[in-house]
Structure formats: C-alpha cells, structure tokens
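Structure record follows, encoded as structure tokens.
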Amino acid sequence: MKVTLMHYSIPPIVGGVESVLAHHARLMADDGHDVHIIAARGEPWTEAIPLQRAPLVDSRHDEVLAVKAELDRGEVTPRFEALRKAIAAELAPLLRRRDILIAHNICSLAKNLALTAALAELYQTPGFPRLILWHHDLAWTTPRYRSELHDGYPWDLLRWQWPGATHVVVSQLRRRELSELIGVPQEEIAVVPNGVDLAAFYKWEPETLDLLKRIGVAHRAPILLLPVRLTPRKNIEFALQTLAALRRRMPDAALIVTGPLGAHNPANVRYQEELVVLRSRLGLQDAAIFLAEWSDVFLPDSVIADFYRLADALFLPSFEEGFGIPLIEAALSRTPIFCSRIEPLTELGLDDVFYFDPQGDPEATAEQVAHALGDSAVYRFASRARTSFTWEQVYRRHIAPLLVAHQHPIGGA
C-alpha cells in the first residue's frame, strides 16, 4: 500500500516520536509498502523512504509560532485562518493517491493547530486516504498543556472523534484517557506499544545479525546457549534431551550450540551426524540450532559474546572440562548458569550456579531449568521484552494488521 507518515520533524531531530516514526517507516518499507514521510525538519536516511518536505507542518515555523501565541491567549484571528488555508494547500498534493495517512501527535497536541484544522478540512474531502491517528500524548488530559487550551474551535479538534479514523495509542492509560476524552469505546482504540531495536541495543556484530536473521530464534524464550565444539565429551545429546523435556513445559524453548566440529578427532563428524539424527527424532529441527550448519567460518569472540547477551541461560552438560571459561563469560554477561556438577565447574561456580548430573535424568534437569527461570522476575520480564517489545514483533503483531484493517474515513477513500 501507499503509506504516508506525518509529523513535525524526523531524525536526526532528537525526539521520542521522531525515533518511533523512523522505525515504523523502516518496518513498513521492509514489508513491501510504498512509504513516504511528510515533515518540515530532518533528513531522509534512505532513498527507499522519500521525505516530502512541508515547511508549514513544523511546530517551530515562525508563522506557526506567531499564530500559536495568539491561540494560547484564546484568540482565533484571520492569521490563523490564512495559515490553515496555506497548510491545506501545501498538503493536498502530497496526499493525493495515497492509501493511508498516519499522523503522529498532530491531532492530540496543540503544537500546530492550524495543521490540525487543515487536516480536518482535507479529511472530509472525497478521495482522502484512510486516516490513522497515532496519539503518543494527549493535550486535554495532561496538566502541563492546559494553559494552551480553550473551549471551542480549533482546540476542540484535539478531542474530536474524527469519525471513521483509526485511533492508536501507546498504552492502556492513554487508551482510557482517549476513550473518555472523545467518547469512543476503549475496544475501538488500538494499543500499539513502542519497541526496541535489539541489534542496535546490543550492538550486534554484522555476522551475528546475519545469523540471527537466518536461524530465526530471537523471538523464542527461553534460549539456552551451549558455546562448545561438537565433540562427545561436551555431552550435547543430553542438552537435546533436556530441551525436548523443557519444551513440554516451555513450548518456545530453544537451544543454540555455537561451536564447529572438534578440530582434532575425525570421529567428531560421526558425532555431529548422530546429533542431527537425535534432533530429528526428538522433533527439535526448528528449536535446536547448530551454528556449524549455518556458517562454515570461524565465529570470533565478539559474535559469541553477542549470543551470550541474547541467551536466557547458559546450559553446559559437559562430562569433563579443563577449566570452564563459559561460566566466566556467562557471569560477566549476567546470564544464569546451569551446568554439570563436575570439577572444575563447581570450583568456579561455587553456590552461584545451578548444577545437575550430566548422566542423570533430562526430565529432572528440564524441571530444574523451568522452575529456576520461572521464579526469576528478571528472566520473565526479559523474555517478555524480547518476545513482545522488539520492533519486529511490534510490527508483526500490531502494525501490519492495522494497515490492512477495513476502515472507511469520511472522505470515502
């Protein structure tokens, strides 16, 4: 679809709405939509998302500020009407033959009421795009804005129902406030949370990002990390059996084994084949990931460190270890540790890790993992954040369905 997003400014202008709009635009373009942006300030960051600059859309344009000073005093003068007409004339050609207009905060804050009024006029003309109003903040329910508001036109546009438009807010609080303010039932107001860019937040290496896009497990929880080579003494079959048992308790659990084949024993090839057969027999083809199957190059420490930051727990079922450096790496990453009760792992972990018998019952070990993680508020919130509040998940769950929702605005687009 042809989607236009509008706000006073875009990045590199610093602001929460500016950042959110940029993520929305990127996700929509990546999903195949024809995305344009209307704004006054900022710079386009890709040729794939054109910026259509509209100077009068700004909140800081000299004429906009002059009119706002009058409005703040409760004065609606001919200067306001002239500005409204000029903005309408500026916007009309930019919105022609577009399918959707998403306006961020323009119909909820008094930053440029002439823009709000121009949009209200255009909205009621035939052929206007379907209108989605994205309300991050609400002037009429926020005490710090009340001095800017007065009863009557144009301030009442900030509490108008905008019949036929889709209203979107960012939290349940805003939903309740907006419902009471404009008289629309709460269930008719969409709640779309903001998100986090995991790759930017974690500063993932390009190799990490490429692998995660291909293996598709970042939305799983819990993710168990096994940073070892594929060699029998690492007891990887026990990890697979534990994962199968864990998924009966936590169905989205996944395991990532980062290492390549052991370098010095030809029998390791046969061991890998046995693991692949076991994985298939346990029905774990999409849940147990051997990075050796996805990359035939050496993964540097920086990439392995990225997987520690992603993982919910270290799972190390080795029969023997010389030292146990993964425990130190997990500790530095603040990652919970489940490992074999063997020396020197007990020497390193002391009473600060969860131990199990590497020759014991995978069911019992799975129960131990599920119980420990389930009791951890840090894990519970972290897993919710990763599975629900990354931008990719926000787009898939909330924004993409919103774009195809069947709505008819007043203008009958």
Side-chain angles (χ1 to χ4, degrees), residues 1-8 10-11 16-39 44-52 54 57 91 94-108 119-120 122-136 161-172 174-175 178-179 182 184-198 213 216 219 387-413:
M1 287 180 286
K2 298 177 180 178
V3 182
T4 295
L5 296 87
M6 182 163 62
H7 187 53
Y8 315 115
I10 62 170
V17 177
E18 285 79 359
S19 175
V20 168
L21 182 147
H23 284 295
H24 287 188
R26 171 184 61 83
L27 291 160
M28 292 174 192
D30 288 348
D31 199 26
H33 297 293
D34 173 13
V35 180
H36 289 186
I37 295 176
I38 296 175
W45 58 89
T46 172
E47 293 182 359
I49 305 173
L51 169 62
Q52 297 175 305
V57 164
L91 289 181
L94 302 181
L95 296 175
R96 203 166 289 134
R97 292 184 292 277
R98 305 298 291 174
D99 297 315
I100 297 174
L101 170 64
I102 304 176
H104 284 264
N105 263 2
I106 288 168
C107 298
S108 49
L119 187 61
L122 294 173
Y123 179 52
Q124 299 177 75
T125 60
F128 190 84
R130 183 177 144 228
L131 181 61
I132 299 177
L133 299 179
W134 216 285
H135 307 291
H136 302 261
Q161 287 190 2
W162 295 80
T166 298
H167 292 278
V168 181
V169 293
V170 295
S171 66
Q172 293 294 339
R174 288 285 183 263
R175 183 189 228 179
L178 184 64
S179 174
I182 67 177
V184 170
Q186 289 190 38
E187 58 269 20
E188 295 182 15
I189 299 171
V191 178
V192 179
N194 292 332
V196 174
D197 183 344
L198 276 189
K213 285 180 177 178
H219 63 284
T387 59
S388 300
F389 295 101
T390 65
W391 276 120
E392 286 69 23
Q393 290 300 311
V394 169
Y395 183 79
R396 182 180 65 84
R397 294 184 179 195
H398 302 283
I399 299 175
L402 196 65
L403 296 181
V404 299
H406 191 62
Q407 294 281 346
H408 291 288
I410 288 177

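One is the number of the first residue; the rest follow in order along the sequence. What you see is a predicted model; the values in this text were computed from it and never measured. Hydrogens, waters and symmetry mates are skipped; everything else that's a heavy atom, side chains included, is used.
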- Message: Between Ile37 and Trp45, does the side chain to side chain contact (heavy atoms under 4.5 Å, CB included) criterion hold? Intermediate values first, please.
- Response: CA-CA 11 Å; Ile37 295 176; Trp45 58 89; 3.4 Å; yes
- Between the side chain of Ser19 and the main-chain N/O of Gly16, is any donor-acceptor distance below 3.5 Å? no
- Counting only N and O atoms by type, is there a donor-acceptor contact under 3.5 Å from the side chain of Thr46 to the main-chain atoms of Ile49? no
- Note on the structure: Sequence neighbours excluded, the answer for ring pair (Phe, Tyr, Trp, His ring centres under 6.0 Å) partners of His36 is none
- Task: Work out which heavy atom in Cys107 is nearest to a heavy atom in Leu119; give both atom names and the distance.
- Result: SG-CD2, 3.6 Å
Name the atoms and distances for all side-chain donor-acceptor pairs under 3.5 Å in residues 23-31, with sequence neighbours left out.
unit_1	atom_1	unit_2	atom_2	d
His23	ND1	Arg26	NH2	3.3
His23	NE2	Trp391	NE1	3.4
Asp31	OD2	Tyr395	OH	2.7

- Would you please test Phe389 and Asn194 for side chain to side chain contact (heavy atoms under 4.5 Å, CB included) and show each step? CA-CA 7 Å; Phe389 295 101; Asn194 292 332; over 6 Å; no
- Donor-acceptor under 3.5 Å (Gln52 side chain, Ile38 main chain): no
- Item | By side-chain hydrogen bond (donor to acceptor under 3.5 Å, both in side chains) - contacts of His219 (at least two apart) | none
- Rounded to the nearest 0.5 Å, what's the gap from CE on Met1 to CZ on Arg98? Could you check? 11.0 Å
- Message: For His104, run the side chain to side chain donor-acceptor pair (under 3.5 Å) check against Glu18, His7, His136, His135 and tell me which one passes.
- Response: His136
- Could you go through the side chain to side chain contact (heavy atoms under 4.5 Å, CB included) check for Val170 and Trp134 one step at a time? CA-CA 8 Å; Val170 295; Trp134 216 285; 4.1 Å; yes
- Item | side chain to side chain contact (heavy atoms under 4.5 Å, CB included) assessment of Leu5 paired with Val35 | CA-CA 8 Å; Leu5 296 87; Val35 180; 3.4 Å; yes
